[in-house]
Amino acid sequence: MKKHFLLLLLICSSVFAQESIDINRLNWLPNSHSFWVNSQGNVVVYDVDKLNQNTTILTQEQLQKSGFTGEIEQLVWNQNKTKVLVYTNSKKVWRANTKGDYWFFDLATGKGKQLGTSLEKSSLMFAKFSNDNENVAYVSQHNIYLENLVTGKITPLTTDGTDKIINGTFDWVYEEELAARDGFRWSPDGKSISFWRVDASQTKFHLMINNTDALYPFTVPVEYPKAGEKPSSVKIGVIDITSLKTNWLNIPGEPDNNYLVRMEWINNQNVMVVQLNRLQNQASIYTCDAKSGTANLIYQEKSESWIDVFDISSGEYDVFPCQFVDNGKAFLWSSDADGWMHIYKISADGKKKELITTENFDAYYKAYNQETKSIYYIASPTDATQRYLYETNLNTKKTKRITPKEFEGTNEYRFSTDGKYAKHTNSNINRDYNTRLVALPSHKKILPQTADSFVAPDRNYSLEKFKVTTVDGIEMDGIMAKPLDFDPNKKYPVFFYVYGEPMASVANDEPYFYPYIAYLIPEGYIGIAMDNRGTPVMKGTKWRKSIYKNIGIVNTRDQAMAAKEVLKWKFIDTDRVAIHGWSGGGAVTLNLMFQYPEIYKTGIAVAAVTDQHFYDNIYTERYMGLPSENEVTYVKASPVTHAKNLKGNLLYVHGTGDDNVHYKNAEVLINELVKYDKMFDLMIYPNRSHSISEGEGTRKHLLDTFMKYIRENSPPGAK
């Protein structure tokens, strides 16, 4: 049987032809340009250079013989790709399904077994191999464990984990606002593990109330430091897996008044740590001795606003900002301190800093090819609604655009781990998503082997881009959706979709409008989405950070002034103006309804921050400063302050199980509207989270509620 499996492993199968590869489902292997796909329950590996060959490394039969139950959700590989962990039966922690079960398979023998069998089912997190292939480490119930792959012995590396002492992962706010989930790292030699330890014992619980799932109500606690409250105390330790001794890194600053946002091993002796101060306007990079704990400051950067440690513009929240280059003698660092987001090379001792991307446009780092010294990044010098791939060579400093001209619009790239290939997805307002596998830097298409098919989006409305300039001289990009039978001589109700805060943009050159509003466009509505100052678009530092300490003020005015320009268009019915936003966009919706009632007649706000004091400290203080230092603006920026001015039709929607924007926001707003005798409509969803998606029928009910309210209060159809 063993001989038969090895033959199957080594001889390339012809069962899976190139044409059957689903590019959208490919997953890159480490340190290579090989990828795996799940083909009917079999794990099949391809090398991009030899796509006519493939290797089935795991079959359904093997999985079943090991006792594996569930679906293949993720694979974790060792560095030389001879062993693999299969992740399954996952459960949601906060936003992501980050705990579950892991099965180990040795690809040389084909044998497998479940890990962590003595621990709680579906409780293992972030399992990964040591580089010497002897052990796997993982987190369970806030402790880190080591499991020997030969003996099966499970050794706890930390023992003090509780609901308040968190080892190897993070509390709610670190995950939500710093994209920090996986909280430990193996050293290159597999002899040590560095890890974050979060002490949330002084962080207060926000108590959510569950009224429906038991005879008596019960509370659901969430560790949640609100604006003005100190962060949880965080430190980094290094465990010697032989002695089980932990050394703590002596990083300067109070552990409950700074953030340790990123950490990676440089070599077997040293760990690099990126620290942000409480206000997040100073980044400090330390190299730390793993044994002595000594921390050496090698680089520090300060800002008049805030410093980003990940690429918000494309959602790459988990990118470690320090890519090591020149055989570890230097690292790449992104900064917008000179007015544009640029990439710099900084020597390992911090003494030399060199600007790599020199052009006057934003450059967001994506990948690095160590062989060619190519740095790849996303940029769009002339149109902030679009995205293109660029390359600058680290040695020659030559810069060129990689994305060919025919791929106009928004381009996304998911690189192989060696930076030689990428899954490329192109779209624009008139072109549906088209995904290809390409070689870099040539951008030559590898898959599919058929000709590119640039098809029209599958929708029953049209889209177009536009710009408006406000009375304040602010030029804003917008996307407009129109019914297919649009008549410029008639007047249509307009429905604005808004977000408006620093975590997302809405006026993107992409093929589909915001779905809830899009359903209404064919009935005779105009849909509008615009990006105000402060949104993370490629217009430079001044644009993005002009909102500093002015969230709820700058964005509200920009949206209102831009709406006034839109209302000048002859085909817009100024008596039928609706607006909708969710979360931060819900707050902007409320501010616009309350502060500019002469413009907006109907609004639907979902899960809104109604008082700036109520949201978490990392997000709010990053953009607003401390309440004690900026209290007047905190009050002015909060929708609840202006609720007394409501004149139009307002539907407010919230889930009572929202751990992100708490239901408290709804009740405080309700009290204020009642106080001033303001009529409004309300839809509350018991125990639903921020997405309001849990429970049978929830999404359809929300959509039907949404559409019914708009039809009744801002009737459809051209006049």
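Fair warning: this is a prediction, and the values are worked out from it, not measured in the lab. When a residue number appears, it is its place in the shown sequence, counting from 1.
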Before you tell me yes or no, could you show the steps for Met561 and Tyr596 under side chain to side chain contact (heavy atoms under 4.5 Å, CB included), namely the whole-Å CA-CA distance, both residues' side-chain angles and the distance that decides it to 0.1 Å? CA-CA 10 Å; Met561 295 304 101; Tyr596 297 92; 3.8 Å; yes

In a check of side chain to side chain contact (heavy atoms under 4.5 Å, CB included) between Phe594 and each of Thr556, Thr641, Leu650, Thr589, which one passes? Leu650

Can you spot which of Val468, Thr470, Thr469 makes a side chain to side chain contact (heavy atoms under 4.5 Å, CB included) with Glu475? Thr469

Do the side-chain N and O atoms of [X] and [Y] include a donor-acceptor pair separated by under 3.5 angstrom?
X      : Y      : answer
Thr602 : Asn713 : no
Gln559 : Tyr600 : no
Thr385 : Asp477 : no
Asn687 : Thr212 : yes

Crowding at [atom1], [X] (>12 non-hydrogen neighbours, <6.0 Å):
X      : atom1 : result
Lys542 : NZ    : no
Asp163 : CG    : no
Lys636 : NZ    : no
Leu207 : CG    : yes
Lys664 : NZ    : no
Gln202 : CD    : no
Lys644 : NZ    : yes

After noting the C-alpha distance and the side-chain angles of Phe466 and Trp569, does the key distance pass the ring-ring contact (aromatic ring centres under 6.0 Å, His included) rule? CA-CA 12 Å; Phe466 67 89; Trp569 299 345; 5.1 Å; yes

Tell me whether Lys568 is salt-bridged to Glu565, with the criterion being a basic N under 4.0 Å from an acidic carboxylate O. yes

Salt bridge Asp704-Lys708, side-chain N to carboxylate O under 4.0 Å: no

Quick one: pull up [atom1] in [X] and [atom2] in [Y] and give me the separation to the nearest 0.5 Å.
X      : Y      : atom1 : atom2 : result
Gln612 : Thr633 : CD    : OG1   : 10.0 Å
Asn550 : Ser305 : CG    : OG    : 12.0 Å
Leu669 : Lys678 : CG    : NZ    : 13.0 Å
Thr656 : Glu667 : OG1   : CD    : 9.5 Å
Glu672 : Asp611 : CD    : CG    : 10.0 Å
Lys164 : Phe205 : NZ    : CZ    : 3.5 Å

Can you find a heavy atom in the side chain of [X] that is under 4.5 Å from one in the side chain of [Y]?
X      : Y      : answer
Thr203 : Glu229 : no
Val93  : Met125 : yes
Lys465 : Ile479 : yes
Thr705 : Tyr685 : yes
His580 : Tyr514 : yes
Tyr224 : Asp616 : yes
Glu694 : Ser689 : yes
Asp362 : Arg544 : yes

Which pairs would a plain distance check flag for residues 487-500, meaning a side-chain donor or acceptor within less than 3.5 Å of a matching protein atom at least two apart in sequence or in another chain?
from	atom 1	to	atom 2	distance (Å)
Asp487	OD1	Asn489	N	2.9
Lys491	NZ	Lys570	O	2.8
Tyr492	OH	Asp487	N	2.7

For [X], which residues count as a ring-ring contact (aromatic ring centres under 6.0 Å, His included) partner, sequence neighbours excluded?
X      : answer
His142 : none
His642 : none
Tyr519 : none
Trp196 : Phe170

Run the salt bridge (charged side-chain N to carboxylate O under 4.0 Å, His left out) test against Asp199 and tell me which residues pass, sequence neighbours left out. none

Under 3.5 Å: donor-acceptor pair, side chain of Asp383, backbone of Ser380: no

Test your reading of the model: is there a side-chain donor-acceptor pair from Asn591 to the backbone of Ala637, 3.5 Å cut-off? yes

Report yes or no: is the cationic atom of Lys482 (NZ for Lys, CZ for Arg) under 6.0 Å from the centre of the six-membered ring of Phe513, at an angle within 45° of the ring normal? no

Check against salt bridge (charged side-chain N to carboxylate O under 4.0 Å, His left out), Glu175 and Arg95: CA-CA 9 Å; Glu175 173 175 325; Arg95 286 209 180 207; over 6 Å; no

Result of checking Asn660, Thr610, Thr620 against Tyr615 for side chain to side chain donor-acceptor pair (under 3.5 Å): Asn660

Please walk me through it: do Asn617 and Glu621 pass side chain to side chain donor-acceptor pair (under 3.5 Å)? CA-CA 5 Å; Asn617 57 0; Glu621 294 173 9; 4.8 Å; no

ring-ring contact (aromatic ring centres under 6.0 Å, His included) between Phe614 and His662: does it pass, once the steps are laid out? CA-CA 8 Å; Phe614 296 165; His662 302 139; 9.1 Å; no

Could you go through Asp531 and Lys539, starting from their C-alpha distance and side-chain angles, then the distance that decides it, and tell me whether this counts as salt bridge (charged side-chain N to carboxylate O under 4.0 Å, His left out)? CA-CA 11 Å; Asp531 282 325; Lys539 293 186 175 181; over 6 Å; no

Test side chain to side chain donor-acceptor pair (under 3.5 Å) on Ser232 and Glu223 and set out the steps. CA-CA 9 Å; Ser232 296; Glu223 291 151 3; 5.9 Å; no

CA sep, side-chain torsions, deciding dist, call: Asn508, Thr410, side chain to side chain donor-acceptor pair (under 3.5 Å): CA-CA 8 Å; Asn508 303 314; Thr410 298; over 6 Å; no

Side chain to side chain donor-acceptor pair (under 3.5 Å) between His613 and Ser638, intermediate numbers included: CA-CA 8 Å; His613 299 84; Ser638 299; 4.8 Å; no

